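Working notes, structure below.
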Amino acid sequence: MLPAEARIRRSRDFSVALKRGRRAARGGVVVHWAPPSGEAQSPTKPSDAEGQSTARAGFVVSKAVGNAVVRNRVKRRLRHAAAELLRTWPPGTDVVVRATPKAAERDYSQLSRDLAGAVAAARSGRSPNGRGRRSRRPSPQTGAGRDAS
RNA sequence: CGAGUCGGCCAGGCGGCCGCGUCAGUGACGGGUUCGUCGCUGCCGAGGAACGUCCGGACUCCACAGGGCAGGGUGGUUGCCAACGGCAACCCGGGGCGACCCGCGGGAAAGUGCCACAGAAAGCAGACCGCCGACCCCGGUCGGUAAGGGUGAAACGGUGGUGUAAGAGACCACCAGCGCCGCCGGUGACGGCGGCGGCUCGGUAAACCCCACCCGGAGCAAGGUCAAGAGGGGCCGCGAGGUCCUGCGCGAGGGUCCGAGGGCUGCCCGCCCGAAUCCUUCGCGGGUAGACCGCUCGAGCGCGUCGGCGACGGCGCGCCUAGAUGGAUGGCCGCCCGAGACAGAAUCCGGCGUACCGGCCGACUCGUCCC
RNA sequence: GGUCCCGUGGAGCAGUACGGAGUGCUCGCCGCCCUGUCAAGGCGGAGGUCGCGGGUUCAAAUCCCGUCGGGACCG
């Protein structure tokens with residue numbers, strides 16, 4: 001299992017990792033890989049991201065996965081699987097793992113393979129957060145401006 | 001043996017290794033028996049429904065001179081309980097051969113409303129067809145009648161007779177229902193027996209309402225401590241300052257120095273405050289997702305005994321049984337059985353309701369056979 | 001964890017206080033007309049277990065109880 005210090009515990013840290021992290025999906029999981037932020041860390045980020053001695057993992061299991069018993073089981077299995085991989089990650093790395101509804105049906109060995117595969121893909125993947133860049137703002141304002149006058 | 005009724009209990013078990021969380025002990029480090037970090041060892045670590053959040057409390061904060069109105073809830077009786085819309089026993093009504101089960105089960109002669117369509121008529125008076133009598137030309141007019149027809153969920157008791165022009169509780173017998181009186185039984189709801197009366201007076205209160213009883217509001221994201229915090233006010237002091245209370249800013253509009261407004265968590269009476277940096281309406285922006293406490297020993301659980309039909313209560317002995325905060329139960333392996341359902345604590349209790357693979361124990365009923 | 005709200009044709013709503021035939025609005029769908037064609041427009045039409053179960057009532061989308069699903073809010 002994962003000791004508390006190896007888990008992401010702040011809502012802000014989750015948001016940052018989900019936004020910055022490179023994304024990859026396998027089977028029942030989606031992984032967001034956020035490498036240790038160089039110095040480009042925004043000054044508002046309060047904590048110690050630099051002083052971390054280990055990588056950290058966080059888990060998001062939504063209601064769509066199942067009832068409370070199912071969600072707990074999925075989260076515990078993911079935590080166990082992440083603990084085995086965690087030692088190979090550079091300190092300061094934040095990884096958020098989201099579970100999809102399919103995760104409820106997978107046993108531990110399948111889930112473990114999903115996680116390892118997704119992490120490997122996200123870690124080596126290029127140009128992760130290309131989403132949101134393209135500014136598809138064709139013209140809604142022009143019409144609006146005309147009406148306003 | 002078969003079919004069934006009621007009540008209680010269990011919720012896969014045993015073992016090994018590696019992890020996670022709280023607590024305790026212990027070692028090292030930091031000035032450090034008390035604090036912090038890291039390590040080691042040990043104990044403990046989800047449920048009967050933890051669920052839904054439908055009721056009731058504990059607890060916390062807010063409010064509270066007094067009176068009235070409004071609002072909400074409950075609804076057979078007697079008990080149990082901290083309390084309850086819960087539970088027990090009993091009564092009444094309904095179902096079952098029976099054990100037993102089901103029922104929001106007060107009041108409709110206190111008043112109001114509603115009863116669509118159909119039907120003559122839907123509530124207290126009346127009469128469409130009809131029946132009977134009288135009168136005039138087929139057909140109608142007037143009067144009597146409510147037995148028959150038809151409509152409807154519901155039509156002014158039912159059957160038989162007397163009676164009559166035709167009829168009708170107009171009268172008689174029995175039955176059903178209602179009311180009153182007396183006696184007996186019961187704490188009571190109510191029941192039993194006897195007598196009398198008028199002969200009947202529709203339904204709906206999970207429609208308004210009446211009666212009886214109960215209810216202040218919000219909820220642990222309650223609330224408190226610390227940290228941060230522009231400013232404002234009270235008191236003490238000559239002053240420096242001290243101490244307590246309060247708590248974000250900007251802009252625009254409105255109200256006003258004796259009555260604008262505010263408070264008494266809905267409204268009224270009544271009472272109180274009231275001119276400041278105040279009150280009120282609208283808009284914009286900022287801030288909050290820091291730490292700790294609350295946080296688990298309690299209407300607690302188990303066993304025995306006594307009282308009670310029972311719910312439950314008294315006494316004695318024993319036990320301590322999760323306290324997380326992105327939220328602790330996972331992974332690997334072995335053996336056994338019937339191959340294991342519904343499902344995860346978040347302040348804590350008592351209920352109710354709902355979901356659910358199966359298994360065990362006890363009491364009882366009906367049927368069949370044997371002794 | 002707590003407090004509330006909403007389920008009605010394919011979509012969005014009204015109807016629910018005070019029970020009386022599933023009534024209505026906008027869009028969508030189908031057919032016809034118009035046009036060389038499409039859109040727009042005109043005419044006509046289809047389509048609903050009122051989330052589900054139980055109860056009260058002669059009668060329930062409406063009243064009562066339970067249950068399922070969806071959504072909002074909290075200093």
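All figures in this text were calculated on a predicted structure; none of them were measured in a lab. Just so we're on the same page: letters track the sequence lines, and every chain starts at 1.
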Query raised in the report: So what does V70(A) hit on the nucleic acid, given a heavy-atom distance under 4.0 Å: a base, only sugar-phosphate, or nothing?
Result: nothing

Report task. Identify the nucleotide, in any strand shown, that forms a Watson-Crick or G-U wobble pair with C4(C), with both distances under 3.5 Å; if there is none, say none. Result -> G71(C)

Query raised in the report: Using the P atom in both, what is the distance from G15(B) to A50(B), to the nearest Å?
Result: 28 Å

Requested in this report: Rounded off to whole Å, could you give me the NZ-to-P distance for the K63(A) and G344(B) pair?
Outcome: 11 Å

Query - Pair assignment for G367(B), Watson-Crick or G-U wobble, requiring both distances under 3.5 Å - result: C1(B)

**Report entry** Side-chain N,O (R77(A)) to OP1/OP2 (G331(B)) below 4.0 Å
**Finding:** yes

Requested in this report: Could you tell me which residues satisfy salt bridge (Lys or Arg N to Asp or Glu O under 4.0 Å) with R106(A), sequence neighbours excluded, listed by chain and number?
Outcome: D114(A)

Query raised in the report: How close or far is atom C1' of A328(B) from atom CZ of R7(A), stated in whole angstroms?
Result: 8 Å

Query raised in the report: With both distances under 3.5 Å as the test, what is the Watson-Crick or G-U wobble partner of C114(B)?
Result: G203(B)

Query raised in the report: Who pairs with N67(A) by side chain to side chain contact (heavy atoms under 4.5 Å, CB included), at least two apart in sequence or on another chain?
Result: V69(A), V70(A)

Query raised in the report: R76(A) has an atom CZ; how far is it from atom C1' of U329(B), in whole Å?
Result: 5 Å

Query raised in the report: Is G44(C) paired to anything, Watson-Crick or G-U wobble with both distances less than 3.5 Å, and if yes, which nucleotide?
Result: C30(C)

Report task. Pick the C1' atom in U53(B) and in G2(C), then give their distance to the nearest Å. Result -> 10 Å

**Report entry** Rounded distance (Å) that lies between atom C1' of G331(B) and atom CG of L85(A)
**Finding:** 14 Å

Query raised in the report: Could you state the CG-P distance from L78(A) to G327(B), rounded to the nearest angstrom?
Result: 13 Å

Query raised in the report: In whole angstrom, what separates F59(A)'s CZ from A328(B)'s P?
Result: 11 Å

Requested in this report: Write down the partner of G340(B) under the Watson-Crick or G-U wobble criteria, each distance required to be under 3.5 Å.
Outcome: C337(B)

Report task. If C135(B) has a Watson-Crick or G-U wobble mate with both distances under 3.5 Å, name it; if not, just say none. Result -> G140(B)

Please list, pair by pair, any protein nitrogen or oxygen found under 3.5 Å from a nitrogen or oxygen in nucleotides 341-343 of chain B.
none

Query raised in the report: Taking atom P of G327(B) as reference, at what distance in whole Å does atom NZ of K75(A) sit?
Result: 7 Å

Requested in this report: Consider the side chain of N72(A), meaning its heavy atoms from C-beta on, and name the nucleotide among G326(B), A328(B), G331(B) that approaches it most closely.
Outcome: A328(B)

Query raised in the report: How would you label the glycosidic angle of U187(B): syn (within 90° of 0) or anti?
Result: anti

Query raised in the report: For E84(A), which residues count as a side chain to side chain contact (heavy atoms under 4.5 Å, CB included) partner, sequence neighbours excluded?
Result: H80(A), Y108(A)

Query raised in the report: Does U37(B) have a Watson-Crick or wobble partner in any strand here, with both distances under 3.5 angstrom, and which is it?
Result: A28(B)

Query - Any residue meeting side chain to side chain contact (heavy atoms under 4.5 Å, CB included) with A99(A), in chain and number order, not counting sequence neighbours - result: V61(A), V65(A), V74(A), L78(A), A103(A)

Query raised in the report: Got a sec, which residues hit side chain to side chain contact (heavy atoms under 4.5 Å, CB included) with A17(A), two or more places apart in sequence or on another chain?
Result: A34(A), D94(A), V96(A)

Report task. Write down the partner of G98(B) under the Watson-Crick or G-U wobble criteria, each distance required to be under 3.5 Å. Result -> none

Query - Nearest-angstrom distance from the residue atom CZ of F14(A) to C1' of G326(B) - result: 5 Å

